Amino acid sequence: MSEIDKQKELFRKSKELVPGGVHSPVRSFKGLHTTPRFFEKANGAYIYDVDQKEYIDFCMSFGPLILGHKNSIVEEALHEALKRGWSFGACEPYSLELVDYLLKNLPHVQQIRFVNSGTEAVMTALRLARGVTKRNKVIKFNGCYHGHVDSMLIKAGSGLAGTAEASSGGVPEGVAQDTLILELGDIEGVKQCFKDYKDQIAAIIIEPLPANNGLLIQPKEFLHFLREICDQTCALLIFDEVISGFRVAFGGMAEITGINPDIVTYGKIIGGGLPVGAIGASKFIMEHLAPIGNVYQAGTLSANPLAMVGGLMTLKQMNKKSYETLGIQTKKIVDLLANWMIHFNDGQFSQFKVLHFASLFWIVPKDEVRKLSDIPSDITEGFNKLFEELLNRGIYLAPNAYEVGFISLAHNDEVIRDLEHRLEHRIQ
Ligand SMILES: *Cc1c(COP(=O)(O)O)cnc(C)c1O
């Protein structure tokens, strides 16, 4: 029996019982020549498959685990929380503690509401923006991911600047038509949309650090421009900081750029690996939500006490020093990977560069990528070979060329020495 036969069998069974064998598409290893790994446990920077093979994890649950897997302080607090009960469907003090902590550290936000995922946060942010402005259209940028909200699953269509059509089955044409889509950095396009759809644009939504179709680092000037045009037109600026919030700095890209979005969405790190999303804005905007305002929003499990504790105990461990440490460790890891790729197997992977920002990195055969169309169209095949080579060596990246890598505080010097060792030798 080969070492992964057991996992092949699990995937075969999964495919019968679950569409495509997975509960989220990127987990399916589509296009790869190996079966998805089934992980049974994790600790620190390491994750273990059901055959007990150990991997250094650079996927980290796609971002939430900024402290690494199974951080002991979070773990202990979760055990205590479990003993108290795990869902009340009523007011409780735990979410208040988390809100209080967040507001003390996020000067651009006055009120917060919790939901259960980043998608839910975006869905609410869009409804809220439309409710506040009494306008329907929203500008979105190609290459930014905002979860699987109907109106965000769109691609460029033909016609006037911004015209969109659905990129997914099941999204009604009418819904797609209320979203305008533009290329990142397209200042003229944004201006044109505000002319063509005068007084109809409720909001511009952007990932201020787009990190879901590679890492498309934006010049600050572009983000400042969006802030200005929203001010001039009374449209709202929505920063989707589901990935960048608490990752690039505690206050995310809003803190780094000094730009105050009107509405901000959070997810991922805010729950420390438990399902939490959040919408934040001024008191004026937030009080448009039910039960005060007429914009409806609700959730049976929202502000789940266990998830609130997971989030609070994760965020409380993040400070200036931890972000500095993450930056230093990321640089070491990025240099190590980049150097290995240049030299490995007579330069088999020497086309690749490692772009990085704070503790996010992206492996791509190009030096500078600012928008979707800058990405070479044929990156998948080369990436897949690299992914499989690293996987064999016990190094786990997110299994797709367009996904970024995540460094956690558990990726310490000892892990980096281990990484170096794994790159030099093949550990079976
Ligand atoms: C992950 C992500 C989402 C979706 O969050 P889910 O919790 O997966 O629903 C939305 N926006 C951004 C920027 C994200 O990175």
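As the structure is a prediction and not an experimental result, all values here were calculated from the model. Read the numbers this way: they start at 1 and go in the same order the structure lists the ligands and their atoms.
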Do you see a donor-acceptor pair shorter than 3.5 Å between the side chains of Gln297 and Arg113? yes
Return yes if some donor-acceptor pair links the side-chain N/O of [X] with the main-chain N/O of [Y] below 3.5 Å, else return no.
X	Y	value
Glu92	Ser95	yes
Ser167	Ile154	yes
Asn71	Leu67	no

Spacing of Ser282 atom OG and Gln111 atom CD [to the nearest 0.5 Å]: 8.5 Å
Can you name the residues that come within less than 4.0 Å of ligand 1, going by heavy atoms only? Ser117, Gly118, Thr119, Tyr145, His146, Gly147, Glu207, Asn212, Asp240, Val242, Ile243, Lys268
Considering residues, nucleotides and ligands other than Tyr296, do more than 12 of their heavy atoms fall under 6.0 Å from its OH? no
